[in-house]
Visitor: 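First the structure, which I've put down as structure tokens, then a few questions once you've had a look.
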Amino acid sequence: MRARFLGKDPDSQVDNSPTLFATDRTDRVTYIAQGWKVTDPQVLADVGPVPDHETLIEIPEDVLKFYARRYVQEGEER
């Protein structure tokens with residue numbers, strides 16, 4: 001599997017860069033997000049149990065805009 005850079009938080013600082021990647025999986029469409037580890041006890045309680053093979057991250061809304069831009073750009077290319 002390969003990961004293609006889609007974009008990072010424009011307000012981020014070096015070594016603190018929430019980022020979104022698209023994978024090239026062929027069996028399903030997936031993304032990889034780099035964000036801040038969620039350690040806030042209240043958030044963890046709100047979310048509930050998380051399987052050992054998964055983790056929670058927090059990303060700014062601006063990073064999610066790269067998801068939308070991907071489909072806008074692909075629509076323009078068709």
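Bear in mind that the values here come from a model prediction, so they are computed numbers and not experimental data.
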Visitor: In sequence, state the C-alpha distance, the side-chain angles, and the governing distance for Glu58 and Thr39, and then conclude on side-chain contact (heavy atoms from CB on, under 4.5 Å).
Guide: CA-CA 10 Å; Glu58 178 182 3; Thr39 58; over 6 Å; no

Visitor: Kindly give the heavy-atom pair with the smallest separation between Ala3 and Phe21, and that separation in Å.
Guide: CB-CB, 4.0 Å

Visitor: Phe5 and Thr19: side-chain contact (heavy atoms from CB on, under 4.5 Å), yes or no, with the steps?
Guide: CA-CA 8 Å; Phe5 174 81; Thr19 308; 3.5 Å; yes

Visitor: Between Leu56 and Val47, which heavy-atom pair has the shortest distance, and what is it?
Guide: CD1-CG1, 3.9 Å

Visitor: Heavy-atom count check: over 12 atoms from other residues, nucleotides or ligands less than 6.0 Å from Glu54 CD?
Guide: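 More than 12 heavy atoms, drawn from other residues, nucleotides or ligands, come within 6.0 Å of this atom.
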
Visitor: So Arg4 and Leu6, side-chain contact (heavy atoms from CB on, under 4.5 Å) or not? Walk me through it.
Guide: CA-CA 6 Å; Arg4 182 170 55 95; Leu6 293 179; 3.8 Å; yes

Visitor: Gly35 and Ile59: which non-hydrogen atoms are nearest, and at how many Å?
Guide: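 Answer, listing the atom of Gly35 first, then Ile59: CA-CG2, 3.8 Å.
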
Visitor: Answer yes or no: is there a side-chain heavy-atom contact under 4.5 Å between Gln34 and Ile32?
Guide: no

Visitor: Considering non-hydrogen atoms only, spot the tightest contact between Thr30 and Arg25 and give its length.
Guide: OG1-CD, 3.4 Å

Visitor: Which heavy atom in Pro60 sits nearest to a heavy atom in Asp9, and how many Å separate them?
Guide: CG-OD2, 3.3 Å

Visitor: Can you tell me if CZ on Arg2 sees more than 12 non-hydrogen neighbours from other groups inside 6.0 Å?
Guide: no

Visitor: Leu44, Val50: one ILVMFWY side-chain cluster at the under-4.5 Å cut-off?
Guide: yes

Visitor: Could you give me the CA-CA distance, side-chain angles and deciding distance for Met1 and Asp24, then say whether side-chain contact (heavy atoms from CB on, under 4.5 Å) is met?
Guide: CA-CA 6 Å; Met1 178 172 71; Asp24 64 351; 3.9 Å; yes

Visitor: What heavy-atom pair brings Asp62 and Pro10 nearest, and what distance separates the two atoms?
Guide: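 Minimum heavy-atom separation between Asp62 and Pro10: CB-CD, 3.9 Å.
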
Visitor: Working to the nearest 0.5 Å, report the span between OG1 of Thr23 and CZ of Arg28.
Guide: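 Separation between the atoms: 8.5 Å.
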
Visitor: Taking the six-membered ring for Trp and the full ring for Phe, Tyr or His, determine whether the centres of Tyr31 and Tyr67 are under 6.0 Å apart.
Guide: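 Ring centroids of Tyr31 and Tyr67 are less than 6.0 Å from each other.
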
Visitor: Should we say atom CG of Asp27 is surrounded by more than 12 heavy atoms from elsewhere, each under 6.0 Å from it?
Guide: yes

